[in-house]
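Proteins get letters first, then strands, A, B, ... in listed order; numbering begins at 1 in each.
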Amino acid sequence: MSSVKDWAAPNPITENRGGLIGKGVDRYEGKLKVTGTAPYAYEVEPPSPPAYGYLVTAPIARGRIARIDAAVAEASPGVHFVWTHHNVPAQASRGSRANPRSQRASNPALVGDRIEYFGQSVAFVVADTFENARAAANLVEVEYAAEPAVVDFAASLDQADQPPGEEDVHIGDFPGAYGSAPVTVDETYVSPVQNHVQMEPVATLAWWDGDKVTVHTSIQMVKGGQHALAETLAIPGDRVHLLTRYIGGGFGGKGQPYDDLILAALGARELGRPVKIAYTRQQMFHGTIHRPAVIMRVRLGAEPDGRLTAFAVEATTHCARNAIFTEHAANFSRNLYAAPNRLTGHRLVKMDLPGAGPMRAPGEAPGMLSLECAMDELAEKLGMDPIELRIRNEPDVDPETGKPFSIRQLVQCLTEGAQRFAWDRRNPKPGQVRDGRWLVGMGMACAIRGNFLLPAKAGVRIDADGTITLRQGMTDIGTGTYTILAQITAETLGVSLDKVKVEIGDSEFPPAPGSGGQFGAATAGSAAYEAGMNLRKALTELAVGDPNSPLYGGPAEYVTFENGLIGIENRTEALAALVARAAPEGVYVEGSISPAADARDYSQHTYGAHFAEVGVDTVTGEVRMRKMFGVFAAGRILNAKTAKSQITGGMIWGVGTALTEGNAVDPRYGSFINQDMAGYLVPSHADIVDLDAIFLDEADDKANPMGIKGVGELGICGAGAAVANAIYNAVGVRLRDYPMTPDKVLAGMIAKGL
Amino acid sequence: MRPFTYERAADALSAVKAVASTPGAKFLAGGTNLLDLMKLDIERPTHLVDVGRLPLAGIESADGGVRLGGAATNSQVAADATVRALYPVLVQAIVSGGSGQLRNKATVGGNLLQRTRCAYFYDTTKPCNKRQPGSGCGALGGLNRNSAIFGASDHCIATHPSDMAVALAALGASVETLSPDGSSRTLAVQDLHRLPGDTPQIETDLVPGELITAVILPPPPKGGQAYAKVRDRASYAGGLASVAVAGGQVAFGAVAHKAWRAEKTEAALAAGASPAEAVEAELADARANGRNAFKIDVIRRLTVATLAEQGRGA
Ligand SMILES: Cc1cc2nc3c(=O)[nH]c(=O)nc-3n(C[C@H](O)[C@H](O)[C@H](O)COP(=O)(O)OP(=O)(O)OC[C@H]3O[C@@H](n4cnc5c(N)ncnc54)[C@H](O)[C@@H]3O)c2cc1C
Ligand code: SF4
């Protein structure tokens, strides 16, 4: 196994002779997307005209299907068939795994009469047109025997348990230290359910050739989808060809397969023709996972000089009864601030709601909404600037594990950001800055998010015309993966970008773990880099061993790859010429990356600082952004444009989290109130004015050979808290219940006599 | 969506006759509300008569006021020079609604007759007296932050979501219609919609097949005009509450089953009351339904502020 020390030597990426690394090059697939010619799963042209599927879903949270009758629907125009739990084809039982190496287990659809959540699929209609399928779906008659359901989180906290296999982390003596701390904060913060609301819903198109099924689907993890389908259908994995070339947003919500994948494949087998299905916007809200609500109690004890002596972050959250998932909202706090006496932990309530699961920065995104406000509250009690409070609690080593940091530039983010944002304009006393009807305030918060490297492979080939093609079972969920893989490959091999093709999203390509946990660029990119290095070796051997090459005889150790040329000392040859002559059928090699054995000897994270300025309408309680700025340290940046787009996208999500986004359960029905994008409000353009971010120079040589880290999730971490703190600074109303909609802000203002 | 037939009307009268003579028929204008509701199986017309291309899109000056064709789009109205000069409150109200794309399709008639945004009306698994008479009201006792504070009933607490209608009500505009018998009538905008009572499914006083051919704007009242809308996000969001002021005429939006002309406020203002006193006169009739109590505060504060600002602008 490798060591992080192996990554310290200079390499083509860190040397960056072609200058492609870090450059803000345009998206590889951008033109296809903006011209509407990138085929998403539902739009792929199948080999013959498809039939259309549509789901019928349950209107109760828990119970049983007492009677289901599809006769009228079956007789409806254009209908091919209707499946219910009575006649759906056999599937492997839920959770079973015929192949122990499958990354996902069987995930059957429509089996059994049990209803476990509102919106669960109960019937599947396939017809000749989408409209006919939808019309028939309304004609399926279902009677339910409803049973009492646990759906009200706030009313079910007495059922909260320790998540399976987890224990609270106690360090030092928190109760003692807290009890004797001269300055304390003890507050509870609440964040609601959030939905991913990806622009593209989950969708699958499937067809069969003999005993092999091809599925075009919208999923973040290629292997997970392939294996889940194979397990469910009880067929070998290699009989599933899964493609996911363009994905209209994932955010974690497409990290797992849904019924569309299984039913499209089964339906196509039944009909002997392609079948496709997409969830409706309404079905997305209940039929896919959500970020659970979180209640967080934060207790801080500090000395008058701001040093934290006692630190406790405790999160209570919820998940579906049969799909255990913990939103680890307290985890981030284990690595953020120094404090000798610590308590962190989680509690989980199992409920009869749709599945809770990962959503952009799971853990940090809701978690930081609490601590980063509590720190603001503590700063005020201490009469200290909130940036200074953080700097006073900056640890030398990881505050929980004592491990050294790989690199940590949090303080630099804070000070650089304070300067650029002109934080010194802020009046620490709330409610002082007027602009007509508005009161204006500023707030800040820190950002932290872990960095990860997973095992991955990649394949790269060069053809006789000099075209280099990178192939990987990786996905691009809109983050820029295509583009950075092209940059890495081009830079590694010393060619221009137009010589590189990137093909991803295919289960028959060398596997990568997909998009999630902001590990994508580092993981897939490092494998692409290793594949590129292996191709350099192969081409060097080819040239040095070819009497017709000017490079014949070497010495191989001096080889260079630049400007499309392979060179040794003063002799060079075009790559295309070499391949055309010496390997006219092309050269293909693979490369792989795996975590270094000693990588976990370091505390490794990405960091940032958010600064927000808001106006609060003193008449109505409406909050409007005026400015937002972030400074981030996240390793070497591969592409200035796509990285910034990721980071600012996260910050915008933070604005939504603070001001508008969220769902609520109607406890009478166990369903979410917002089921479309007119009700579930993400920020509109008008909500985002003057928002910008920069990255600090950084390379983390403990992360991977390229020194890069993830940026996909960092931007949302802490962003909402900065906005909440700005609201407080504007009007002196401390809300601890997200999102901070006008009704809540106004109630706070009225209570203060404003 | 259920199967339906479609025709493009040749002229207004044949459109009216076609709808009146076909059970379950409806007019189709921009389709931005009707088609969405059909996809959700909430509206189930058997036949659509497209009035979008009738010559009803004109905007003409008339008797010191303006006549807006029933099929004029929201964007056209908001961009019209005369409308902009005479009725800034109407322009502000229209552009505060929906998005640019929606306003390009939405029409005068369709906007007035758009249906509520009550979440329980949209979720067909929930009881809703408006969608399914007699099934109950899901919003009562539910997550009803955006429900009515004026004129609601035990059967329905929904609000009418139009911004345009609020400005029209404040301006004292009226609706001109064409009936199946060929007769035409006008009725005041605030009389177009009914309160829910025990028949929330019946939303207007129009008879089946009656077509909105125009909205008549009287000459603008003396005094300033302003539209103020409170919403969760800066754009592209329905109102939580809104206030339209035109001289001494005041209407509230997103607080009732119709645009709510605040006649008691107007009377108090006319009698010399302060804005604060005048708004209390109206709010004496307001009733909260749980989560919407904040609307009373919003209307109180927003009306006072808007009247004050309009006073300065006058
Ligand atoms: C996401 C979203 C956000 C929105 N936000 C807002 C907002 O903030 N503020 C706001 O005011 N509105 C908003 N709207 C609503 C929008 O303004 C309406 O959908 C639009 O005005 C309807 O006009 P239309 O011409 O498309 O009507 P259609 O959908 O064609 O018709 C609506 C109804 O009116 C009837 N009808 C149409 N024309 C006539 C006529 N001439 N005579 C008689 N009956 C007729 C139809 O039969 C139908 O019942 C929003 C809509 C959406 C989808
Ligand atoms: S308020 Fe009206 S529209 Fe909403 S659920 Fe009740 S009856 Fe239906």
J.: Which atoms of A:Val665 are under 4.5 Å from chain B, going by heavy atoms: the side chain, the backbone, both sets, or neither?
T.: backbone
J.: In this structure, are over 12 heavy atoms from other groups packed under 6.0 Å from B:Asp154 atom CG?
T.: no
J.: Using non-hydrogen atoms only, which part of B:Leu143 is less than 4.5 Å away from chain A: side chain, backbone, both, or neither?
T.: both
J.: At a heavy-atom separation under 4.5 Å, does A:Phe130 approach chain B through its side chain, its backbone, both, or neither?
T.: neither
J.: Mind checking whether A:Pro742 and B:Asp232 have side chains closer than 4.5 Å, heavy atoms only?
T.: yes
J.: When rounded to the nearest 0.5 angstrom, what distance separates CG in A:Leu681 from CZ in B:Arg231?
T.: 11.0 Å
J.: Of the backbone (N, CA, C, O) and the side chain (C-beta and beyond), which part of A:Leu746 lies under 4.5 Å from a heavy atom of chain B, both, or neither?
T.: side chain
J.: Quick one: which of A:Thr660, A:Asn674, A:Ile688 has the most heavy-atom pairs under 4.5 Å with chain B, could you say?
T.: A:Thr660
J.: Does the side chain of A:Thr741 come within less than 4.5 Å of B:Arg145's, by heavy atoms?
T.: yes
J.: B:Lys39 and A:Thr280: side-chain donor and acceptor closer than 3.5 Å?
T.: no
J.: Judged by modelled atom types alone, do B:Asp123 and A:Tyr669 share a side-chain donor-acceptor pair under 3.5 Å?
T.: no
J.: Between A:Met677 and chain B, which part of the residue has a heavy atom less than 4.5 Å away: side chain, backbone, both or neither?
T.: backbone
J.: Do you know which of A:Arg437, A:Arg668, A:Gln675 has the most heavy-atom pairs under 4.5 Å to chain B?
T.: A:Arg668
J.: Considering residues at least two apart in sequence or located in another chain, which fulfil the salt bridge (Lys or Arg N to Asp or Glu O under 4.0 Å) criterion with A:Asp737?
T.: A:Lys744
J.: Name the region of B:Lys295, side chain, backbone, both or neither, that has any atom closer than 4.5 Å to a heavy atom of chain A.
T.: neither
J.: What are the two closest non-hydrogen atoms of A:Asp687 and B:Ser235, and how far apart are they?
T.: OD2-N, 4.5 Å
J.: Side chain, backbone, both or neither: which part of A:Leu139 has a heavy atom under 4.5 Å from chain B?
T.: side chain
J.: Taking A:Glu131 for the side chain and B:Arg2 for the main chain, is one N or O donor matched with an acceptor at less than 3.5 Å?
T.: no
J.: Using 0.5 Å steps for rounding, measure from the CD1 atom of A:Ile750 to the CZ atom of B:Phe294.
T.: 11.0 Å
J.: Got a sec, which pairs hit side-chain hydrogen bond (donor to acceptor under 3.5 Å, both in side chains) with one end in residues 128-137 of chain B, sequence neighbours left out?
T.: B:Lys130-B:Glu203, B:Lys130-B:His257
J.: In Å, rounded to the nearest 0.5 Å, how long is the span from CG of B:Asp41 to CG of A:Asn138?
T.: 4.0 Å
J.: Just verifying a value: how many Å separate A:Gln282 CD and B:Thr124 OG1, rounded to the nearest 0.5 Å?
T.: 9.0 Å
J.: Do A:Leu659 and B:Arg233 have side chains that get closer than 4.5 Å, going by heavy atoms?
T.: no
J.: For the interface with chain A, which of B:Ala119, B:Gly138, B:Ser99 has the highest count of heavy-atom pairs at distances below 4.5 Å?
T.: B:Gly138
J.: Under a 4.5 Å heavy-atom cut-off, does chain B meet the side chain of A:Ala664, its backbone, both or neither?
T.: both
J.: Measuring from A:Thr620:OG1 to B:Arg301:CZ, what's the distance to the nearest 0.5 Å?
T.: 8.5 Å
